[in-house]
Amino acid sequence: TTVVLYDHGQAVCYFRELSLTSNQIAEIEERSFYNCKDLYKLDLSSNLIANITNQTFDGLLSLMCLNLSSNLIEFIHQGVFDQSKLLTTLDLNNNKIKTIMDKSFSILIYLEKLYLNSLQMKTIADLTFDGLKAIKFMKLNSIQFDSLQNIEIIKRLSKDFKSKNE
């Protein structure tokens, strides 16, 4: 199943909240949400989405909460969230994510909650969490890190958080 919101050939969306949970969605066409400028909450959890690109979330300028949990996503590319700069909550739990590119979250300066439980990541790149200035809560449960370098990155992020809140 593919998600596209069209009206007379033009993509249109008048929702503030949209839940498309458990619909067996496998693909989201690029720019499907382009005219969804007022959408602030999008739930795409429990689907079959394997790929998100830099144009997947184009137009979601008001998006604050994005739930992509329990899908088949393998990679998070740098720039994939660039159109959703206002995100405060991002849930990527229970995906097949092996790689999160450096600075994938750097544009998300308002992100407070990040859920990364039960992923297939073995390593975290040094700049993965670069730019997360507002982060208050991060879950990284059930990830089998293969080096202590990953723990050092988490410790550094924690120190940055502590120093901002003192």
Side-chain angles (χ1 to χ4, degrees), residues 17-21 25 28 30-33 36 39-166:
E17 294 184 33
L18 180 60
S19 178
L20 297 168
T21 302
I25 297 166
I28 302 172
E30 292 181 349
R31 304 184 78 186
S32 291
F33 301 105
C36 297
L39 191 66
Y40 78 91
K41 186 175 184 180
L42 178 60
D43 189 344
L44 294 163
S45 62
S46 301
N47 282 293
L48 304 171
I49 301 165
N51 187 37
I52 53 176
T53 71
N54 291 8
Q55 288 81 37
T56 300
F57 304 112
D58 272 8
L60 293 175
L61 304 176
S62 300
L63 193 65
M64 296 178 76
C65 298
L66 177 60
N67 188 344
L68 291 165
S69 66
S70 301
N71 277 287
L72 304 172
I73 299 166
E74 292 187 19
F75 297 98
I76 302 295
H77 300 281
Q78 185 177 354
V80 77
F81 302 113
D82 282 5
Q83 289 287 311
S84 304
K85 297 174 185 173
L86 298 180
L87 274 178
T88 58
T89 303
L90 177 59
D91 191 340
L92 296 168
N93 284 339
N94 300 310
N95 273 285
K96 296 183 179 243
I97 297 172
K98 296 175 185 149
T99 304
I100 299 176
M101 301 301 290
D102 274 349
K103 299 185 178 185
S104 293
F105 306 120
S106 64
I107 197 77
L108 303 178
I109 60 171
Y110 302 108
L111 191 69
E112 296 177 358
K113 297 178 185 175
L114 179 60
Y115 299 89
L116 297 171
N117 292 331
S118 302
L119 305 181
Q120 294 181 4
M121 274 183 359
K122 296 284 187 211
T123 60
I124 296 176
D126 193 38
L127 300 176
T128 297
F129 302 115
D130 192 49
L132 292 180
K133 298 181 185 339
I135 198 76
K136 293 180 179 155
F137 181 85
M138 184 183 300
K139 270 204 156 178
L140 293 161
N141 297 341
S142 300
I143 297 177
Q144 298 175 4
F145 294 126
D146 65 356
S147 85
L148 290 177
Q149 176 189 0
N150 297 307
I151 304 305
E152 292 304 315
I153 292 169
I154 302 302
K155 283 182 186 176
R156 188 179 70 231
L157 183 66
S158 179
K159 284 180 189 173
D160 291 347
F161 172 75
K162 184 179 178 189
S163 67
K164 284 188 288 190
N165 292 295
E166 287 183 325

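We use all heavy atoms of the structure for the numbers below, so side chains are in, but hydrogens, waters and symmetry mates are not.
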How far does [atom1] of [X] sit from [atom2] of [Y], to the nearest 0.5 angstrom?
X: L60; Y: S32; atom1: CG; atom2: OG; result: 10.0 Å
X: H77; Y: N51; atom1: NE2; atom2: CG; result: 6.0 Å
X: K136; Y: E112; atom1: NZ; atom2: CD; result: 4.0 Å
X: L86; Y: I109; atom1: CG; atom2: CD1; result: 8.5 Å
X: T56; Y: E30; atom1: OG1; atom2: CD; result: 6.0 Å
X: I97; Y: L116; atom1: CD1; atom2: CG; result: 6.5 Å

For [X] and [Y], work out which heavy atoms get closest and say how close.
X: L87; Y: C65; answer: CD2-N, 3.8 Å
X: S45; Y: N71; answer: CA-ND2, 4.0 Å
X: N95; Y: L72; answer: OD1-N, 3.4 Å
X: Q83; Y: D58; answer: CG-OD1, 3.0 Å

- Task: Compare all side-chain heavy atoms of L66 with those of F81 and state whether any distance is below 4.5 angstrom.
- Result: yes
- Query: Are side-chain heavy atoms of D82 and N54 found at a separation under 4.5 Å?
  - Reply: no
- Counterpart residues, side chain to side chain contact (heavy atoms under 4.5 Å, CB included), relative to K139 (two or more places apart): Y115, N117, F137, N141
Please tabulate, for side-chain N and O atoms in residues 99-108, each donor-acceptor pair with protein atoms closer than 3.5 Å (sequence neighbours left out).
| from | atom 1 | to | atom 2 | distance (Å) |
| --- | --- | --- | --- | --- |
| D102 | OD1 | L127 | N | 3.3 |
| S104 | OG | I76 | O | 3.3 |
| S104 | OG | M101 | N | 3.3 |
| S104 | OG | M101 | O | 2.6 |
| S106 | OG | K103 | O | 3.0 |

- Please assess L18 against F33 for the test side-chain contact (heavy atoms from CB on, under 4.5 Å), listing each intermediate value before the final yes or no. CA-CA 11 Å; L18 180 60; F33 301 105; 4.2 Å; yes
- Check step by step if side-chain contact (heavy atoms from CB on, under 4.5 Å) holds for F57 and I52. CA-CA 8 Å; F57 304 112; I52 53 176; 4.2 Å; yes
